[in-house]
Amino acid sequence: MKFDKSLIATLREDPKEAESKSHRILLRGGFIRQLASGIHTYLPLGWRILLKISNIVREEMDRIGAQELLMPALSPKEIWEESGRWQEYGDDMFRLKDRKDREYCLCPTHEEIVADIARNKIRSYRDLPQMWYQIQTKFRDEPRPRSGVLRSRQFIMKDSYSLDRDEKGLDRSFNLHRDAYMKIFKRCGLDFVIVEASGGLMGTGESKEFVALVEGGEDQLATCKQCDYRANMQVAEGQGEHKSFADTPITQVATPGKRTVEEVTEFLNVCAENLVKSMFFTAAGKEPVLILIRGDYEINEDKIVCLLGHDYQPATAEEIKKHFDAEPGFVGPVGVENVSIYADELLRDAQGMITGANRDGYHIKGLNLKRDTRVKEFVNLRMIRHGDRCTRCGGEIHIQTALELGHIFKLGTKYSISLGANYLDEKGQARPIVMGSYGIGLERIMACACEQQGDERGASWPISIAPFDTYVTVLNPLDEKVAQMSGEVIQLLTNAGLSIIIDDRDISAGIKFNDSDLIGIPVRVTVGPKGVKSNRIDIYMRQTGERLDVDKSEVATKCLQIKKLLYERISE
RNA sequence: CGGGGCGUGGCGCAGUGGCUUAGCGCGCCAGCUUGGGGUGCUGGAGGUCGUCGGUUCAAAUCCGAUCGCCCCGACCA
């Protein structure tokens with residue numbers, strides 16, 4: 001491919017909207033172009049990278065016996081009503097109507113569609129197991145698209161689904177995916193770790209995330225400094241210190257206008273550990289729930305969802321007033337009726353605590369949880385924080401930003417039951433198919449490679465996903481001898497099977513060198529007037545900056561050698 | 001949804017009430033020059049100052065509304 005007429009538009013200056021490294025590189029190098037918030041065009045250079053990534057993904061998925069198919073991106077409402085996710089997905093789902101006023105969505109994921117295929121196609125245990133996958137565009141109306149391609153509203157995902165007869169089969173499919181994912185990310189030249197994760201909207205089964213520890217990430221991770229414990233913030237559990245204060249009878253204390261932990265601690269001159277926060281959650285048609293958590297911790301809403309279900313939401317101010325006869329900020333657990341109370345485990349033996357008095361402008365002192373409240377259960381409901389202790393080894397927990405590359409879930413029978421996807425076992429008994437769901441964000445691999453390998457000069461693609469193997473710089477292209485020699489070199493490289501991009505633009509050398517660095521092609525071959533007389537060619541490696549001076553006759557073998565070497569480095 | 005910031009040729013920016021024709025750098029076009037890390041010079045093309053409304057003799061500039069984009073948070077397979 002010639003640089004000259006290509007749709008590559010490198011930018012001389014950093015685009016102002018790009019703050020993260022990968023976003024900056026992708027825009028400046030002309031890999032992507034933004035059309036609207038969270039919506040991008042993949043220009044030829046970026047698309048070639050995504051195609052390389054897809055091929056690696058495809059090879060590894062095929063290798064574990066998954067079959068590729070393509071499901072529609074557009075889907076009628078009804079099937080999502082069967083699973084309940086037409087409701088659950090809420091505003092994150094793009095919805096539209098056809099000319100007959102029928103409702104549709106742009107699929108954010110495909111469990112329902114898979115279950116629909118399965119309920120029609122799978123009859124017997126003999127049809128199982130199955131693994132189906134696709135590489136397809138997904139749509140999610142993210143509340144805040146971010147960092148270019150890292151969190152966008154339209155993105156390309158490899159999603160696969162396993163269908164098994166039982167948990168044992170699911171374990172096998174899950175492990176096959178885990179191994180395939182490790183190979184995929186490794187082959188793409190990325191550094192990553194596997195962490196415990198939460199299923200979120202998918203379900204509550206086992207789930208693991210493949211994440212890269214990079215600064216520009218969209219995710220947060222709790223990691224133990226001492227052992228290898230790593231978990232997504234939503235599921236991470238740390239050891240906290242139990243704190244107790246002198247046991248006294250309950251007394252009311254006026255705290256006019258002091259609602260937040262900060263305000264109350266300052267006003268009463270106590271520490272945040274002495275406070276109990278009360279958070280009220282409601283769900284249509286269900287008993288409301290009061291969650292108690294110590295003042296120095298934040299509530300982990302994901303854990304609430306796991307405990308109570310997706311339909312529970314933080315209550316509105318009106319609901320709070322109705323149940324407690326007090327404004328938010330003055331709510332507490334003492335004397336409440338028709339409300340289930342759950343408390344964070346750190347409050348198990350807490351006494352002498354301060355909490356809302358269920359009376360505007362008042363708190364109570366001397367709360368003894370055991371004595372004064374009817375706590376249904378003590379469980380870990382708090383968000384882990386920097387400096388907590390590891391539950392496994394007692395080491396210090398750190399919070400790091402990370403980039404989620406892939407996610408694997410054990411769905412179990414959630415979708416097969418709600419959509420009626422059953423099979424007949426040996427005894428002729430109908431049983432729900434046991435499902436798993438597995439995703440990889442292709443653009444995130446591209447962005448991650450920028451974060452991990454890019455530098456101030458631009459991208460530096462791992463050879464396996466580089467848009468081209470070799471960048472041929474032709475200096476003084478109007479010089480006849482140079483033109484002739486570059487033609488020969490191009491022929492040699494092409495014959496050797498290398499993919500090349502030819503930069504014979506009639507501009508100064510520096511621009512070409514800088515562009516080649518910016519778009520990050522692993523190997524650069526320079527043909528110029530200096531080398532023409534002696535038939536010498538300059539070869540330069542982007543990652544290491546190494547330079548070689550070779551005879552024209554060796555140029556192809558040398559480039560092939562380097563390519564091989566670069567592949568070897570990835571697999572080490 | 002809360003907080004902050006920004007919308008002026010393709011890109012990055014300057015311009016807070018009257019210099020007539022809205023500037024500068026880069027890019028683009030023409031010509032020369034230079035030629036191994038963004039060469040120098042000359043001449044050109046290109047702008048409803050996000051949109052709508054208001055104030056004023058006069059608005060890119062002041063006021064109001066609205067749309068869009070970015071960042072932090074909330075949220076998020």
Side-chain angles (χ1 to χ4, degrees), chain A residues 9-20 23-24 27-28 30 33-39 85 88-93 107-111 138 140-148 150-153 155 157-161 197-205 207-210 216 218-220 232-234 298-299 301-302 305 310 313-314 404-411 414-415 436-441 444 457 473-479 482 505-518 524-532 536-538 540 545 547 549:
Chain A
T10 56
L11 304 174
R12 183 153 181 173
E13 282 159 287
D14 281 334
K16 64 169 177 180
E17 72 266 28
E19 298 217 344
S20 73
H23 193 194
R24 202 177 63 234
L27 281 173
R28 259 198 80 182
R33 188 184 164 85
Q34 177 166 325
L35 179 64
S37 179
I39 304 177
R85 287 209 289 187
E88 274 177 26
Y89 239 105
D91 288 339
D92 278 13
M93 187 182 252
C107 292
T109 174
H110 279 75
E111 284 75 16
K138 295 285 184 281
R140 292 184 193 171
D141 194 0
E142 293 287 345
R144 179 149 98 83
R146 207 183 306 209
S147 305
L150 276 194
R151 164 152 297 155
S152 54
R153 297 192 292 170
F155 58 97
M157 177 184 254
K158 185 292 297 176
D159 47 325
S160 46
Y161 305 87
S198 112
L201 262 185
M202 303 299 300
T204 48
S207 112
K208 289 196 192 302
E209 260 177 29
F210 292 74
E218 30 56 71
D219 210 357
Q220 288 210 307
N232 186 295
M233 287 290 280
Q234 279 124 40
E298 294 303 319
I299 195 160
E301 288 193 26
D302 241 70
V305 162
H310 285 285
Q313 296 284 330
E404 179 187 349
L405 298 164
H407 205 154
I408 56 180
F409 300 90
K410 292 185 179 176
L411 296 176
K414 175 175 174 183
Y415 297 93
S437 155
Y438 317 88
I440 290 180
R444 284 185 174 179
R457 294 219 299 268
T473 320
V474 186
L475 306 181
N476 266 17
L478 300 182
D479 180 317
V482 171
R505 293 175 293 170
D506 183 23
I507 50 174
S508 84
I511 298 175
K512 290 187 256 196
F513 288 141
N514 284 326
D515 271 348
S516 89
D517 282 343
L518 176 59
R524 183 174 71 213
V525 167
T526 304
V527 183
K530 266 193 194 168
V532 154
R536 305 300 285 180
I537 307 279
D538 183 76
Y540 160 91
R547 281 166 207 275
D549 179 42

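Numbers restart at 1 for each chain; the letters A, B, ... are given by sequence-line order, proteins then strands.
Partner assigned to rG38(B) is none, using Watson-Crick or G-U wobble distances below 3.5 angstrom. Of all nucleotides present, only rA65(B) satisfies the Watson-Crick or G-U wobble test against rU51(B), with each distance under 3.5 Å. Using Watson-Crick or G-U wobble geometry with both donor-acceptor distances under 3.5 Å, rA45(B) finds no partner in any strand shown. Look at rG2(B): its Watson-Crick or wobble partner, with both distances under 3.5 angstrom, is rC72(B). Applying the Watson-Crick and G-U wobble criteria (two distances, each under 3.5 Å), rA60(B) pairs with nothing in any strand.
Screening Asp515(A), Asp517(A), Asp538(A) for a salt bridge (Lys or Arg N to Asp or Glu O under 4.0 Å) involving Arg524(A) leaves a single residue, Asp517(A).
Asn476(A) comes within 4.0 angstrom of a base, heavy atoms only. When heavy atoms are screened at a 4.0 angstrom cut-off, Glu404(A) is found touching the sugar-phosphate backbone but no base atom.
With P as the reference atom, rC32(B) and rG18(B) are 45 Å apart, rounded to whole Å. Taking atom C1' on both nucleotides, rA22(B) is separated from rC13(B) by 14 Å, rounded to a whole Å.
Under a cut-off of 6.0 angstrom, the local environment of CG in Asp549(A) is crowded, with over 12 non-hydrogen atoms contributed by other residues, nucleotides or ligands.
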Please list, for nucleotides 37-40 of chain B, all pairs of protein and nucleotide N/O atoms separated by less than 3.5 Å.
unit_1	atom_1	unit_2	atom_2	d
rG37(B)	O6	Arg524(A)	NH2	2.6
rG37(B)	O6	Arg547(A)	NH2	3.2
rG37(B)	N1	Asp517(A)	OD2	3.0
rG37(B)	N2	Asn514(A)	OD1	2.5
rG37(B)	N2	Asp517(A)	OD2	2.6
rG37(B)	N3	Asn514(A)	OD1	3.4
rG38(B)	O2'	Arg12(A)	NH2	2.6
rG38(B)	N7	Asn514(A)	ND2	3.3
rU39(B)	OP2	Ser508(A)	OG	2.5

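When distances run from any side-chain atom of Asp506(A) to the nucleotides rG35(B), rC76(B), rG12(B), the shortest one goes to rG35(B). Nearest to the side chain of Pro477(A), among rC76(B), rG25(B), rG35(B), sits rG35(B).
For the side chain to side chain contact (heavy atoms under 4.5 Å, CB included) test, no residue two or more places apart in sequence or in another chain qualifies with Asn514(A).
Between Arg146(A) and Glu218(A), no side-chain nitrogen of the basic residue sits less than 4.0 Å from a carboxylate oxygen of the acidic one, so the salt-bridge criterion is not met.
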Across nucleotides 68-73 of chain B, 5' to 3', mark each nucleotide with B, S or - according to how protein heavy atoms within less than 4.0 Å reach it.
-SSBBB

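Sequence order on RNA chain B of the closest nucleotides to Arg33(A) and Asp538(A) puts Arg33(A) first from the 5' end.
In this structure a side-chain-to-backbone donor-acceptor pair under 3.5 Å is present from Arg153(A) to Ser37(A).
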